[in-house]
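Working notes, beginning with the structure itself.
Below, chain A is the first sequence line, B the second, and so on; all start at residue 1. Bear in mind the structure is a predicted one, so any value in this text is a computation, not a measurement.
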Amino acid sequence: MRELTCREAIREALREEMDRDGSVFVFGEDVADYGGVFKVTEGLLEEFGPERIFDTPLSESAIVGAAVGAAVMGMRPVVEVMFADFTTIAMDALVNHAAKMNYMSGGETPAPLVVRMAYGAGPRWGSHHTQSVEAWLANVPGLTIVMPSTPHDAKGLLKSAIRTPNPVVFLEHKLLYGKKGEVPEDDYVVPLGTANVAHPGDAVTVVATGLMVHRALDAARALRADGIDAEVIDLRSIQPLDEETILASVEKTGRIVIAHESPVRGGFGGEIAAVVAEKALGFLDAPVQRVGAPWTPVPFGQVLVDAYVPSEAAIIRAVRATLGSADERRNDG
Amino acid sequence: MRELTCREAIREALREEMDRDGSVFVFGEDVADYGGVFKVTEGLLEEFGPERIFDTPLSESAIVGAAVGAAVMGMRPVVEVMFADFTTIAMDALVNHAAKMNYMSGGETPAPLVVRMAYGAGPRWGSHHTQSVEAWLANVPGLTIVMPSTPHDAKGLLKSAIRTPNPVVFLEHKLLYGKKGEVPEDDYVVPLGTANVAHPGDAVTVVATGLMVHRALDAARALRADGIDAEVIDLRSIQPLDEETILASVEKTGRIVIAHESPVRGGFGGEIAAVVAEKALGFLDAPVQRVGAPWTPVPFGQVLVDAYVPSEAAIIRAVRATLGSADERRNDG
Amino acid sequence: MSGSGGLTDRDLVEMYRWLLLTRAFEDRVCELWAQGRLMELPHGSQGQEAIGVGACYGLRGEDHVLPSLRTRAAFFVRGIPTRVQMAAMYAKATGAAGGKASSHHMGDAARGVLVGSGIIGASITVAAGAALAFRLRRQDRVVLCFFGDGAAQRGDFHEGLNFAGVFRLPVVFVLENNGWAEMTPVAKHFAGSDFASRAAGYGFPGVRVDGNDIFAVHEAAQSAVTRARTGLGPTLLECVTYRLRGHCENNPVATCRDMAEVEGWREKDPLPRMRAELVRRGVLDPARIAAIDRDVCAEIEDAVAFAEGSPPPPLEELHRDVYAPESAALVGGTRS
Amino acid sequence: MSGSGGLTDRDLVEMYRWLLLTRAFEDRVCELWAQGRLMELPHGSQGQEAIGVGACYGLRGEDHVLPSLRTRAAFFVRGIPTRVQMAAMYAKATGAAGGKASSHHMGDAARGVLVGSGIIGASITVAAGAALAFRLRRQDRVVLCFFGDGAAQRGDFHEGLNFAGVFRLPVVFVLENNGWAEMTPVAKHFAGSDFASRAAGYGFPGVRVDGNDIFAVHEAAQSAVTRARTGLGPTLLECVTYRLRGHCENNPVATCRDMAEVEGWREKDPLPRMRAELVRRGVLDPARIAAIDRDVCAEIEDAVAFAEGSPPPPLEELHRDVYAPESAALVGGTRS
Ligand SMILES: Cc1ncc(C[n+]2csc(CCOP(=O)(O)OP(=O)(O)O)c2C)c(N)n1
Ligand SMILES: Cc1ncc(C[n+]2csc(CCOP(=O)(O)OP(=O)(O)O)c2C)c(N)n1
Ligand SMILES: [Mg+2]
Ligand SMILES: [Mg+2]
């Protein structure tokens, strides 16, 4: 099958949906003439013209707020908020308006919009262009939160995100834009709320999102060499959350490691641990392990960022810990 | 001992700290002339004058942003953001600036400010004046998040919040402003990050915040009648989080119910469940139970809000569930 | 009072009736609140009704309005039944969003009323977005967005007006300058001379009118609407008025205010002012006035009876409409 | 060029040197970036240096500045060593915040430089707050807050300026209008005529000057500073300039731009312009110019050597400064 990068896959999803539905349109800062600072929307202006994709002033609150207004009038805006760190200035339109429009209108005017944002740490961006923000939005009923990790899923999930009548926060990891992977030619969608078993195994369950999925897969490969079969689950969306897939895996493995890039404390991993502790406690043969960033802002520079972002090694350590402590819990119980 | 309402206790803390330290000052919408929409700051203008407490334009982002600027210059601003739902429009100053100032300045310019906000559901306020927002801010290193439930703690914690050199989000539950309780006359503080065992017991641990502490205490009283001794832990602050007190209790009871007013999914209860599943799994004799709001925006009106806010009965049901399922987990394990 | 251009006598009487109905509704809900019969805390618009009536009268059915917490009149002129508005104040199933929403932010898609917001000022960017949808669809529709002087200090005022100006969107921003933001007078939250002149900073005209002169408001709104409809872009219409009651029924009228100021504005009350003008013009006479009074009064009492007789929402309502149902389109593609 | 008021020849030469040092630094880091030697992506201010030098020259040590991502000159004039700035671009321990921060948002408390922000526009409210602290402490200090035309479209511009206007805070807002916000020209994000006139909407003066005329900038800034220092409140100083390089070194100069526009502005480059003026006035001669060139060049090369020779931050640095250490004051009260 042909290979595309995540960047190309997202662009293809936009192109196909803009073709399919005239109410789908794109706006944001430098998305048209320049094609987006991450070049995701490159070429769409030439193809669809200035009414389907256009540049805006430096006004994230107006960008998302206007998307809400256009969406309630029946359009399907897909807006780009360059860096997910700017969630802080678009949060009101997202949390108090997009997420509540359908509820406050008694179902009359849902807000079918997609807010695309680039998240994740890198050495050169510093504390304001690198945060993983999903946990800031995960306690807001009405929102849907998507975090693809492969070109295949990025395309299929974005198409679903554009087609759903509800507001979707679509989080794209900066370091995955260039990641290549197989992408079918046909018009497929990946349903929201369905996790993907990225690597089957029966020794331990590793639940991950975004870039951490790849770290987890690297860890699984390394562990396989030692005869440890880790099952890697790529959540793909955290809201809706595919509890079934997580629980089925834990019931099989009895062990779980949860990995995300944002700091452990207050991160979405807590929700996953809670679901397991509520619904599969009896299957756990070892304490839950969470792998995430330390309790610090995202630093600047290669050395510190490498120390900040959870590594394959950290996941391997956590997996070994769950295996090593197999009996502990029975004892100290 | 004399009794005060939470409102009076918070006011007293402000008065004492403004007396103690000339750099402590207050601003926000209608806090001076009117004394705050919840009347918390009433009388402070007469006592301290217009340079120590003043009204501002309707500009939450400027209110918190200016607090950051004044704080880095060595002042100790305590600002009021009327309703915690407005976190969405003050979030950038809080998350990207207040929380990161000390880090980005290498420790040169911390931002010692307190943002007081009223949160929590009530029948008359509707979806935009009732949210419990702590989980939106709980994944942000640099912040301190306080949620008092009694007049005693409201005063002691606010004094600590004003004295700490770091930014603090101080969440006041609307329905607790009128709540009376004993408050010592002397100059005491309640250290940040210390939970309070509000009601001792050894059958089950109930961890709660804000209004839920009172629902949990009511539940504990009702359960005592049936010979069930529930231990109620009032977290008081979720960042720092007093893991020791939670773990010590769970190691004793083997059962835990976590109650907060915000929706269960993505709420801070997940973090608590995760800490227990990581560090006290072996002590758990029953699945973790979370009690929180359903996955809906906060509705308007008595009937629906009563159905929305977690009740004493819901906590009792959760407690009975942890007790009832005592053996289950061993079986299905 | 200024002239009333193309308005027929019928129009004038209809506008007067809307004005009276709004006032009667506001006064009645304040009474009901005092009696402890309402769920919703009234934020009375008494004294400001000429803005909503003047600006909304003459709009097309397909135009849209986004009222502020103080634009009760807009709901009436757009045709939302008095019964429904009243039921919403009682949080009844027959009210707003099946009882899930309050009356002062209620929307009505069929009548072109966009859902309002409890986050003051936030509606401004939403209104710009609705206008953007009209522009992209080449519909010659207009959005009227109402907000107060306090809202004009929110970042969203700036971003929303700049966005609308840059794209010349068909939206009219109606600023209800009633001199106060809760208990803060304009002089304490604004150092400029007037709000209308801020429009220049966004590249479109700002107009300041006497918001208690229903004809002046109507005339200015109509030309702003025509401008927007013909693709010339937004207008900021500052209507100078005054809030005759407290910010909400928790605050007595006098809260933080000099009663002489209030009394001074009572003289300029838009309702008696319009009534006198229509009498002067011979459009209304005592008999007609009494008849309209009776009629309006009956409509309000019918609404109260309807609201009080309506059932509360069923508990399942809490869980409805959190998400809109997935459209078949979603599964249009093959799953993979 | 406009006059240079009270500036002595010594001042003029010093200002020229700051201008040259800033340009040399910017050009050098662009080279270093191209060679893959830097960690920080340069956002070059070439062509705009006269604003930072002109506005900051003559400030008092206790005044504060909050530079934009394009105000490199401010760091130099305020005295942050070239070595430290360069080390910050290498993310070395000797750079900003022990290596945890990049150079273009670095602060320096001792030198009155407030920490900048990667959230464009957000610094405006922070600057207002710093000015508020001065006002409350009755210190006759001033804050200079720099930001671009793009930032002027953020809600924080509006809230920050209105807040400063209402309280007449001692702050000068220096708007670096360089015609572009990343790849978007001002004409596409602004429908007004100029930014300076927006100040009227906040109740204080707005002034528009040629940002490439260092004397014009200095003069306007000085009177705005005096105004602020004497309690008369803020000024919005719009400096019209042009970004001669791409938004950052990832974008070639020509990105989305008509090169004729760029060439046209090269003619107005503030550096040769000031040099020619000082030669005309006999303040500089070829020998002096060459000497300053050599001196500046040596300073830059010394900084590069220092930066490259400096150690990276130790891993523990990651965990430092997340929270400031609790002060004893916290336990002042009895615990309970
Ligand atoms: C963002 C935000 N801040 C504060 C409030 C609380 N509040 C409700 S109405 C109001 C005053 C609004 O003033 P204005 O915009 O002039 O409208 P008016 O009430 O005068 O009609 C305030 C501060 C709010 N609802 N939203
Ligand atoms: C809130 C926010 N939105 C977008 C960006 C990405 N960005 C960085 S600089 C920039 C353009 C800023 O333009 P301007 O304010 O004119 O400053 P200039 O770069 O022209 O000096 C943008 C859009 C950002 N850093 N912050
Ligand atoms: Mg007002
Ligand atoms: Mg610019």
Shorter than 4.5 Å, heavy atoms on both sides: which option in [options] has the most such pairs with chain B?
{"options": "A274(A), P141(A), A90(A), S61(A)", "value": "P141(A)"}
{"options": "V275(A), T296(A), I89(A)", "value": "T296(A)"}
{"options": "K100(A), E271(A), H128(A), M91(A)", "value": "E271(A)"}
{"options": "A273(A), A138(A), A93(A)", "value": "A138(A)"}
{"options": "S132(A), P294(A), S127(A), G269(A)", "value": "S127(A)"}

Under a 4.5 Å cutoff for heavy-atom pairs, which residue among [options] has the most contacts with chain A?
{"options": "G267(B), P263(B), A293(B), A280(B)", "result": "P263(B)"}
{"options": "P297(B), A99(B), P299(B)", "result": "P297(B)"}
{"options": "I258(B), D85(B), L241(B)", "result": "L241(B)"}
{"options": "G266(B), S262(B), G270(B), G292(B)", "result": "G266(B)"}

For the atom pair [atom1] ([X]) and [atom2] ([Y]), what is the distance rounded to the nearest 0.5 Å?
{"X": "H260(A)", "Y": "N139(B)", "atom1": "NE2", "atom2": "CG", "result": "6.5 Å"}
{"X": "L281(B)", "Y": "L281(A)", "atom1": "CG", "atom2": "CG", "result": "5.5 Å"}
{"X": "R265(A)", "Y": "I238(B)", "atom1": "CZ", "atom2": "CD1", "result": "9.5 Å"}
{"X": "T322(B)", "Y": "E278(A)", "atom1": "OG1", "atom2": "CD", "result": "12.5 Å"}

Going by the rule side-chain contact (heavy atoms from CB on, under 4.5 Å), which residues pair with A259(B) if we only count those two or more places apart in sequence or in a different chain? A208(B), M212(B), V291(B), I315(B)

Judged by modelled atom types alone, do N96(B) and Q131(A) share a side-chain donor-acceptor pair under 3.5 Å? yes

By a 4.5 Å heavy-atom criterion (distance strictly below it), what part of [X] contacts chain A: side chain, backbone, both, or neither?
{"X": "V140(B)", "value": "both"}
{"X": "L137(B)", "value": "neither"}
{"X": "E243(B)", "value": "side chain"}
{"X": "Q239(B)", "value": "side chain"}

Suppose we screen for ring pair (Phe, Tyr, Trp, His ring centres under 6.0 Å). Which residues come up paired with H129(A), at least two apart in sequence or across chains? F83(A), F86(A)

